[in-house]
Amino acid sequence: MRYSRYFLPTLKETPSEAEITSHKLMLRAGMIRKLSSGIYSYLPLGLKAIRKVENIIREEMNRAGAQELLLPMVQPAELWQESGRWEQYGKELLRFKDRHKRDFCLGPTHEEVITDLVRREVRSYRDLPLNLYQIQTKFRDEIRPRFGLMRGREFIMKDAYSFDADEKGAEKSYWQMYETYHRIFTRCGLNFRAVEADTGTIGGSFSHEFMVLADIGEDTIVFCQDCDYAANIEKAEVKSTISPPAESPKSKEEVHTPGKHTVEEVTAFLGVPPQKLVKTIIYLADGKPVAVLVRGDHEVNEVKLGRLLGCNELELAPPEIIRTETGAEVGFAGPIGLDMPIIADLALKGMANFVTGANKTDYHYVNVNLDDFSVTQFADIRLITPDDPCPRCGGRLEFKKGIEVGHIFKLGTKYSKALKATYLDAQGKERYIVMGCYGIGVGRTVAAAIEQNHDKDGIVFPYPIAPYQIYLLPVDVNNPDIARTAEELYVKLEQHWEVLYDDREERPGVKFKDADLIGIPIRVTLGKHLKEGKVEIKVRKTGEVILTSLAELEDTLEKITIDLQPN
RNA sequence: CGGGACGUAGCUCAGUUUGGCAGAGCACAGCGUUCGGGACGCUGGGGUCGCAGGUUCAAAUCCUGUCGUCCCGACCA
């Protein structure tokens, strides 16, 4: 591609809307432009990077025996009503009516459509297993779009669905996708980890997320330093051993704690450690108040809590509700005398003579014990901490931030039951198809790759997803020798590589800056060394500079290309 | 939806406090000089100051409303 004719509007300055590196660089490198909040246009360079990732995905999915198809983005309400998600999915599902006033939505995911397709066509166990996938634009009306392609409302996703005759087959399909995802993200040159995850609204029995390690990641992942356990913090079980309290219980006492409502304030005021305090947090589970008790230094894991309560919506109760339910301002709630279900974290079983709110503004109780109130249920409802042991081997845990680029679910029969997707087994008996679903955020993968591969000068594309492999840079196109050699090299190199040929009449500095910014892995510079018949190769990633003769150029490039492959 | 910030040229931003000619740098067009790390000089084009209403002799500036964008919290690839 000749740069002089390429639609590649790079920017010297960062548009004020961008906050994180990948977003800034994708805007500056002319890859994307925003149309509306969370809705982006992909410019040629950005689309080319996306296509690279898509092609890797395609190759690996096809290798795994999956078949590509393409499903409609506009979907009738009936299917969603049938699965129950028309009501359940919430505002994220963008709904509208057609001219006949029929309800439709934009597809945020395609379990309904694919299951409908398969139930119509699959009759026999002989038709199974089946794995179908597509790479397509999805729309989710996110509450808060963020960080460019990292969380858009419109985004490109690869979604795959497996259909098996039984649980065993479904598990095999699941683990095959697990392997496939490893291959895909490895080939994309990413530093990632597969972690155990919660299944969320998609439902199903178990699931893994593929996380690209990056500090700006919105998820926290927990690793064991001693075994291969890795999980999303939302999912990680707490398996600390709880020994009964050593102290003998004292009797509770009301104390005046004026204006002290946070854990820090109360513990500092009373001179006790946060481990001696019990936080009482009032939630609304599908609109009904529930009190949740955790130790002062622990945090509620709302995913676990929601799962335990089996509710659709879980939110912190607003201050008005807290006032009417506890009779006190926010910050003074306690379990004693509370008229609602009380869920307590297991850690409370090891506590004695602790501090709680008194349900009276500006007062707390000290020396409270479990006998002073009744707990509806004890359960593991807190976030794991670095002090907790690994739930699998008891080893030491490490925490890191990650960007979720892929998620695989073993769905089971949730959708096949709802939509009556059945087949006849070898005995002629009707059975539900067992499903799995598997997603990859394609644009997010590109953004995550940039997040992980950049420096102060710009993007450093991993070779396999670089939009071009070679940036051919004649320093001065008005120098006849340089111009002629550049033209010849462009034609020659294009036979083996994708070449971005900077034939612009710009000063060298401008070209160098743009080359670094857009992050093409190999730069070939024609300039002052051409008099001796030499050209300069610069590797973007390492900064390594190699002077080579024109005759040896292609061999040298071959070698560098091999070195730049991941693993 | 709650909290915070912002909206002036294609981009980055001054100007708003204290109402009085619409600004700078970059980018763009032309000419000249320059040419291996975002050059310099001269000239030029480019604006519904987000939008609507109000106050005023006079509004980018003050008031009311509204729309949009971004950030922090509840959702997800």
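Chain naming here is simple, since letters A, B, ... match the order of the sequence lines and numbering starts at 1 in each.
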Colleague: Find the partner of rU64(B): check Watson-Crick (N1-N3 plus N6-O4 or O6-N4) and G-U wobble (N1-O2, O6-N3) distances, both under 3.5 Å, and reply none if neither fits.
Modeller: rA52(B)

Colleague: Heavy atoms under 4.0 Å, any strand shown: does H529(A) hit a base, just sugar-phosphate, or nothing?
Modeller: base

Colleague: Would you say rG73(B) has OP1 or OP2 under 4.0 Å from some side-chain N or O of R146(A)?
Modeller: yes

Colleague: Starting at atom CD of E13(A), determine the distance to atom C1' of rA14(B), rounded to an integer number of angstrom.
Modeller: 14 Å

Colleague: Starting the side chain at C-beta, find the nucleotide from rG37(B), rC76(B), rG36(B) nearest to D516(A).
Modeller: rG37(B)

Colleague: Going by 5.5 Å between centroids and 30° between planes, is there a stack of F155(A) over rA77(B)?
Modeller: yes

Colleague: Looking at every strand, decide which applies to R33(A) at a 4.0 Å heavy-atom threshold: base, sugar-phosphate, or nothing.
Modeller: nothing

Colleague: May I ask which nucleotide in the shown strands pairs with rU33(B), Watson-Crick or G-U wobble, both distances under 3.5 Å?
Modeller: rA39(B)

Colleague: Considering only atom C1', compute the distance from rA60(B) to rU17(B) and round it to an integer number of Å.
Modeller: 14 Å

Colleague: Which of these nucleotides, rC75(B), rG36(B), rG38(B), is closest to any side-chain atom of R523(A)?
Modeller: rG36(B)

Colleague: Side-chain N or O of K34(A) less than 4.0 angstrom from OP1 or OP2 on rC70(B)?
Modeller: yes

Colleague: Looking only at side-chain atoms of K12(A), point me to the closest of rG38(B), rC75(B), rC70(B).
Modeller: rG38(B)

Colleague: Nearest to the side chain of K528(A), which nucleotide is it out of rC75(B), rG36(B), rG38(B)?
Modeller: rG36(B)

Colleague: Does a side chain donor of either Y133(A) or N131(A) reach within less than 3.5 Å of an acceptor in the other side chain?
Modeller: no

Colleague: Can you tell me how far C1' in rG10(B) sits from the matching atom in rC71(B), rounded to whole Å?
Modeller: 25 Å

Colleague: When you compare the side chains of E302(A) and Y283(A), does any donor N or O come within less than 3.5 Å of an acceptor on the partner?
Modeller: yes

Colleague: Base, sugar-phosphate, or nothing for I143(A), non-hydrogen atoms under 4.0 angstrom?
Modeller: base

Colleague: Within the 4.0 Å heavy-atom criterion, would you say P474(A) contacts the bases, only the backbone, or no part of the nucleic acid?
Modeller: nothing

Colleague: Answer with base, sugar-phosphate or nothing: what part of the nucleic acid does G152(A) contact at a heavy-atom distance below 4.0 Å?
Modeller: base

Colleague: Would you mind pulling out the nucleotide paired to rU18(B), Watson-Crick or G-U wobble, both distances under 3.5 Å?
Modeller: none

Colleague: Given rG37(B), rC71(B), rA74(B), which nucleotide is nearest the side-chain atoms of F512(A)?
Modeller: rG37(B)

Colleague: Does the structure show a Watson-Crick or G-U wobble partner for rC13(B), both distances under 3.5 Å? Name it, or say none.
Modeller: rG23(B)

Colleague: Base, sugar-phosphate, or nothing for D159(A), non-hydrogen atoms under 4.0 angstrom?
Modeller: nothing

Colleague: Would you call R307(A) and D198(A) a salt bridge, using N to O less than 4.0 angstrom?
Modeller: yes

Colleague: Whole angstroms only, please: what is the CD-C1' distance between E505(A) and rA39(B)?
Modeller: 16 Å

Colleague: Looking only at side-chain atoms of E404(A), point me to the closest of rU69(B), rG36(B), rA77(B).
Modeller: rA77(B)

Colleague: Does atom CG of N55(A) have more than 12 heavy-atom neighbours, drawn from other residues, nucleotides or ligands, at distances under 6.0 Å?
Modeller: yes

Colleague: R144(A) has an atom CZ; how far is it from atom C1' of rG73(B), in whole Å?
Modeller: 8 Å

Colleague: Tell me whether E154(A) is salt-bridged to R140(A), with the criterion being a basic N under 4.0 Å from an acidic carboxylate O.
Modeller: no

Colleague: Is a donor-acceptor pair below 3.5 Å formed from side chain E506(A) to base rG38(B), judging by atom type as modelled?
Modeller: no

Colleague: Both R504(A) and S36(A) contact RNA chain B. Taking the nearest nucleotide for each, which residue is further toward the 5' end?
Modeller: R504(A)

Colleague: Provide the distance between the two P atoms, one in rG38(B) and one in rG30(B), to the nearest whole Å.
Modeller: 24 Å

Colleague: Name the nucleic acid region contacted by T445(A), choosing base, sugar-phosphate or nothing; use a 4.0 angstrom heavy-atom cut-off, strictly under.
Modeller: nothing

Colleague: Which whole-number value in Å describes the distance from E299(A) CD to rG73(B) P?
Modeller: 13 Å

Colleague: Treating K279(A) as the side-chain partner and H298(A) as the backbone partner, does any N or O pair qualify as donor plus acceptor under 3.5 Å?
Modeller: yes

Colleague: With a 4.0 Å cut-off on heavy atoms, is E17(A) in touch with a base, just the backbone sugar-phosphate, or nothing at all?
Modeller: sugar-phosphate

Colleague: Using the P atom as the reference point in each nucleotide, state the distance between rG19(B) and rG32(B) in Å, no decimals.
Modeller: 50 Å

Colleague: For S37(A) and G406(A), find the nucleotide of RNA chain B closest to each by heavy atoms; which residue's nucleotide sits nearer the 5' end?
Modeller: S37(A)

Colleague: Other residues, nucleotides and ligands only: do more than 12 of their heavy atoms fall within 6.0 Å of CD on E87(A)?
Modeller: yes

Colleague: Expressed as a whole number of Å, how far does the C1' atom of rG15(B) sit from that of rC49(B)?
Modeller: 10 Å

Colleague: Can you confirm whether or not the ring centre of F206(A) sits under 6.0 Å from the ring centre of Y174(A)?
Modeller: yes

Colleague: Kindly point out which of rG37(B), rC11(B), rC70(B) is positioned nearest to the side chain of K513(A)?
Modeller: rG37(B)

Colleague: In whole Å, I'd like the distance from the NZ atom of K538(A) to the P atom of rG37(B).
Modeller: 11 Å

Colleague: Side chain of R151(A): nearest nucleotide among rA77(B), rU12(B), rA74(B)?
Modeller: rA77(B)

Colleague: Under 4.0 Å from OP1 or OP2 of rU69(B): is there any side-chain N or O of S16(A) that close?
Modeller: no

Colleague: Sticking with atom P, work out how far rA22(B) lies from rC26(B), rounded to a whole angstrom.
Modeller: 24 Å

Colleague: Give one of base, sugar-phosphate or nothing for V510(A), where a contact means two heavy atoms less than 4.0 Å apart.
Modeller: base

Colleague: If the C1' atom of rU16(B) is compared with that of rG7(B), how far apart are they to the nearest Å?
Modeller: 13 Å

Colleague: Using a 4.0 Å heavy-atom cut-off across all strands, classify Y438(A) as base, sugar-phosphate, or nothing.
Modeller: nothing

Colleague: Do F210(A) and Y178(A) have ring centres separated by under 6.0 Å?
Modeller: yes

Colleague: If pairing requires Watson-Crick or G-U wobble contacts with both distances under 3.5 Å, which nucleotide is the partner of rA59(B)?
Modeller: none

Colleague: I need the CD-P distance between E92(A) and rA74(B), as an integer number of Å.
Modeller: 14 Å

Colleague: What about D457(A): does its side chain form a donor-acceptor pair under 3.5 Å with the base of rG37(B)?
Modeller: no

Colleague: Answer with yes or no after comparing the ring centroid distance for F409(A) and H407(A) against a 6.0 Å cut-off, counting only values under it.
Modeller: yes

Colleague: Rounding to an integer number of Å, can you tell me how far K456(A) NZ sits from rG38(B) P?
Modeller: 12 Å

Colleague: Using a cut-off of 4.0 Å on non-hydrogen atoms, how would the nucleic acid contact of D219(A) be classed: base, sugar-phosphate, or nothing?
Modeller: base

Colleague: Please state how far atom NE2 in H110(A) lies from atom P in rA77(B), giving the value in whole angstrom units.
Modeller: 14 Å

Colleague: Using a heavy-atom cut-off of under 4.0 Å over every strand shown, decide if G509(A) touches base, sugar-phosphate, or nothing.
Modeller: sugar-phosphate

Colleague: R507(A) side chain: which of rU34(B), rG36(B), rA77(B) is closest?
Modeller: rU34(B)

Colleague: With rounding to whole Å, what would you report as the distance between rG3(B) and rU8(B) at their C1' atoms?
Modeller: 27 Å

